[in-house]
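Heads up, the thing below is written out as structure tokens.
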Amino acid sequence: FFPSNKKKKFFGRTLKPNLQEFTEMSDEQSLPQQRGRGRGRGRGRGRGGFGRKVRISRNVSVVSDTKYSDNTVVVLHLSADEEGAIRNDANSTGNVVNFHSAPTRFSGHKFEIEFENADDATTFLDNMNNKKFGDDEARVVRKRIGYVLKRVTRVRDEDNIDSCAIFVGGVDGLTDEQIKEQFNDFTDFKRPRTHFALVTFASSEAASAVLGERTVGDNEIKIEMQRAPWREEAEEVRRVNAPNKLTLLRIREVPDEVLTDNLKKYGEIVDFHRTRGNTVAFVEYKSSKEARDAKHALEGVKLTDDALTMRVEFYSNYFTTEEMAAHRGSERKSDGEGQKRERKERKPRENNAKEPREKRVRKPRAYPDVVLSDEEKEVLSRTLFVRGLRDTTDNDFKGFFTGAIENFVRVSIGSVRITFKTVDEANKAREQNGTIISDDKQLFVEDARPIIKREPATPNARVFMKGIPRSVTRDDIIAKFEGASRIFFRFRSAIVVFDTVDHAQEAVNKNGEKLFEEEEALRIEFAYPRRR
């Protein structure tokens, strides 16, 4: 990666020399995927995302091809004073649908022009490109509207075989003159490598006459017809992540035993494969939940002291439209002609009148079944959920009801959960549902639903902390917890990312302790997976 033998600082991280995260895979490997960071990768926003080229196998790769608009062009490298001249040139070329001007990130303005006809946009692009406006020179390009993924397959073009060219192999240690002495009446001689040569004859009969094997000195040379040239076939594909397969990156220094032991903690492994350079590994779990848990727990974790922070991604597949239909279980013909969908016959409209839309009925939210004990059912029968009163204090809430209140919990700004001492008092409170307090306030009283207790998160490197005093800074948390690397504050809580799961477990063991000068104890637990 770096020509020097010393370690280099790169984006705040220490990298080892000659670091190669991606290696070439052989044809026999069953999971053919390689993510390239070659010269063709663009400078997108951020360091992640899809690169310009992804190599799937030896002769198959997926490239990102940019899509451009047919009737919209963009004029660059000019100042805002040239807007009038550009408008006149655009109107004289064709009918302009939309004209937009905006400053660029660096210097100058960009003018986005949309024509009604695509031919007018092409004419404007040819006439205005490299045109002088004072000291500035205009650059006109088509508007970029997105990208499309294409799967490029290299195949041998059997229709373009040169029948007059032969391949001579096994010529290591032989000079060009020794090789030429073996043939007569050839028209061209090339030696791209030391171990083979290419010879072209005037006719196919002369080339066919020299085919076979012969001995020259100590070498056994092999003469055969040249192979057909390569031809590329491209087809549009879509990227689909496999729900139960993961790609592990930056794992060169991690042994197989350590890697598999950590992967088995989160589920049953169906298949595990590692590339020849030991920098990339592929793992397949029995279920998608196990793969999600493993990705969430192992992302950004150091498995050994010498290893880098590991990257975990879902394994990507690339499908065409027909392959996508087969992947989803759709019934389509094998020749690619899709079956037409049967449409319902519509009744003719009278006087082009629009049919009234049916009013949508919002479905009630589905709640999972909760098994309650008799005591919990009795408490739930006298518990109510009250809402609709914003900017109301707790005493004002309690003042709307005459019954004795056993428990009072504020859920949000305008809603509370109230438990009365008897069922009769709760029934009297239910009768106040819909009471109008003022012009903009109305009281709503509903039966409370049972509280669903969420299962604790699986052990991972992310920890949730609540009850952090406002005076506590980032440095204070790093000093109290060993291995804390990244901290994300939100009000009086925070998400703390640790280097390893063991450091996170040590922090969770301190749950309920008073670690700072304030009296309040901290609530510390493993964080749940981030929602995508």
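- Contact check for V283 versus I269: side-chain heavy atoms found under the 4.5 Å cut-off.
- For the side chain to side chain contact (heavy atoms under 4.5 Å, CB included) test, residues two or more places apart in sequence or in another chain that qualify with N407 are V409, T419.
- Residue pairs meeting the ring pair (Phe, Tyr, Trp, His ring centres under 6.0 Å) criterion with at least one member in residues 418-437, sequence neighbours excluded: F401-F420.
- Proximity of a side-chain donor or acceptor of Y266 to a complementary backbone N or O of A297 within less than 3.5 Å is not detected.
- Annotation for I251 and A281: closest pair CD1-CB, 3.4 Å, computed over non-hydrogen atoms.
- Here K428 pairs with nothing under the side chain to side chain contact (heavy atoms under 4.5 Å, CB included) rule; sequence neighbours left out.
- Applying the salt bridge (charged side-chain N to carboxylate O under 4.0 Å, His left out) rule to pairs touching residues 405-418 yields R382-E406, D394-R410, sequence neighbours excluded.
- Every residue meeting the side chain to side chain contact (heavy atoms under 4.5 Å, CB included) condition with Y528, not counting sequence neighbours, appears here in chain and number order: R454, A457.
- The shortest heavy-atom contact between I468 and V472 is CG2-CB, 3.8 Å.
- With sequence neighbours excluded, the residues forming a side-chain hydrogen bond (donor to acceptor under 3.5 Å, both in side chains) with N427 are R430, listed by chain and number.
- Counting only distance, with no hydrogens or angles, the side chain of S316 and the backbone of V240 share no donor-acceptor pair below 3.5 Å.
- A donor-acceptor pair is defined here as one N or O able to donate and one able to accept, closer than 3.5 Å; no such pair exists between the side chain of N460 and the backbone of V501.
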Exercise. For side chain to side chain contact (heavy atoms under 4.5 Å, CB included), just list the numbers for L149 and R239, CA-CA rounded to whole Å, side-chain angles, deciding distance to a tenth of an Å, and then say yes or no.
Key: CA-CA 8 Å; L149 298 180; R239 180 180 178 181; 3.8 Å; yes

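- Annotation: side-chain hydrogen bond (donor to acceptor under 3.5 Å, both in side chains) contacts of K143 (sequence neighbours excluded): E112.
- Side-chain contact between V386 and L443 is present, with at least one heavy-atom pair separated by less than 4.5 Å.
- No donor-acceptor distance shorter than 3.5 angstrom exists from the side chain of E299 to the backbone of H296, with no hydrogens or angles considered.
- Put simply, CD on E313 and CG on N241 are 9.0 Å apart, with the number rounded to the nearest 0.5 Å.
- Within the 3.5 Å criterion, the main-chain N or O of E378 finds a donor-acceptor partner in the side chain of S381.
- Contacts of N262 classified as side-chain hydrogen bond (donor to acceptor under 3.5 Å, both in side chains), with partners at least two apart in sequence or in another chain: none.
- When all heavy atoms of N71 and A118 are compared, the pair lying nearest together is CB-CA, 4.2 Å.
- For an aromatic pair to be called close, the ring centres must be under 6.0 Å apart, and F282 with Y315 satisfies this.
- Closest heavy-atom contact between L246 and A291: CD1-O, 3.6 Å.
- Between the R250 side chain and the T279 main chain, no donor and acceptor come within less than 3.5 Å of each other.
- N244 contributes no side-chain N or O that, together with a main-chain N or O of E284, makes up a donor-acceptor pair within less than 3.5 Å.
- Checked against ring-ring contact (aromatic ring centres under 6.0 Å, His included), F498 has no partners two or more places apart in sequence or in another chain.
- A search for side-chain hydrogen bond (donor to acceptor under 3.5 Å, both in side chains) contacts involving E513 returns nothing, not counting sequence neighbours.
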Quiz item: Run the side chain to side chain contact (heavy atoms under 4.5 Å, CB included) check on Y285 and L263 step by step: do they pass?
Solution: CA-CA 9 Å; Y285 282 95; L263 292 172; 3.5 Å; yes

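- Within the 4.5 Å cutoff, side-chain heavy atoms of E323 are placed close to those of R151.
- In plain terms, the two heavy atoms of V411 and F385 that are nearest each other are CG2-CE1, 4.2 Å.
- Surrounding CG of N98 are more than 12 heavy atoms belonging to other residues, nucleotides or ligands, all under 6.0 Å away.
- Of the possible donor and acceptor atoms, none in the side chain of R387 sits under 3.5 Å from a partner among the backbone N and O of V445.
- Rounding to the nearest 0.5 Å gives a distance of 4.0 Å between CD of E114 and OG1 of T72.
- Between M310 and L303, some side-chain heavy-atom pair lies under the 4.5 Å cut-off.
- Side-chain atoms of Q432 never come within 3.5 Å of backbone atoms of A429 as a donor-acceptor pair (strictly under, hydrogens ignored).
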Self-check item: side chain to side chain contact (heavy atoms under 4.5 Å, CB included) assessment of V301 paired with D499
Solution: CA-CA 6 Å; V301 174; D499 293 336; over 6 Å; no

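- Between F481 and V463, the closest side-chain pair of non-hydrogen atoms is not below 4.5 Å.
- Remark: E236 pairs with V148, K150 by the side chain to side chain contact (heavy atoms under 4.5 Å, CB included) rule, at least two apart or across chains.
- For the atom pair N511 CG and M465 CE, the distance stands at 10.0 Å (nearest 0.5 Å).
- Side-chain contact between D256 and R274: present, with at least one pair of heavy atoms (C-beta onward) separated by less than 4.5 Å.
- Side-chain contact of T458 with D293: a donor-acceptor pair under 3.5 Å is absent, judged by distance alone.
- With no hydrogens or angles considered, no side-chain donor-acceptor pair links R144 and T66 at under 3.5 Å.
- Considering only heavy atoms from C-beta on, F464 comes within 4.5 Å of R523 through its side chain.
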Quiz item: Going through the distances and angles, do T247 and V312 end up as a side chain to side chain contact (heavy atoms under 4.5 Å, CB included)?
Solution: CA-CA 6 Å; T247 304; V312 185; over 6 Å; no

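- Looking at E290 and K286, no side-chain N of the basic residue comes within less than 4.0 Å of a carboxylate O on the acidic one, giving no salt bridge.
- You'll find the side chain of V96 reaches within 4.5 Å of the side chain of I113, heavy atoms only.
- A distance of 8.5 Å separates CE of M324 from OG1 of T320, quoted to the nearest 0.5 Å.
- In plain terms, the two heavy atoms of H503 and G483 that are nearest each other are ND1-CA, 3.6 Å.
- No donor-acceptor distance shorter than 3.5 angstrom exists from the side chain of T104 to the backbone of K110, with no hydrogens or angles considered.
- Using a 30° and 60° split on the angle between ring planes, F99 and F111 fall in the tilted class, from 30° to 60°.
- One distance of note links NE2 of H100 with NE2 of H109; it measures 9.5 Å at 0.5 Å rounding.
- How far CD1 of I145 is from OG of S69: 5.5 Å, rounded to the nearest 0.5 Å.
- Pairs passing the salt bridge (charged side-chain N to carboxylate O under 4.0 Å, His left out) check and including a residue from residues 472-489, sequence neighbours excluded, do not occur.
- Using a cutoff of 4.0 Å between basic side-chain nitrogens and carboxylate oxygens, E525 and K466 are not scored as salt-bridged.
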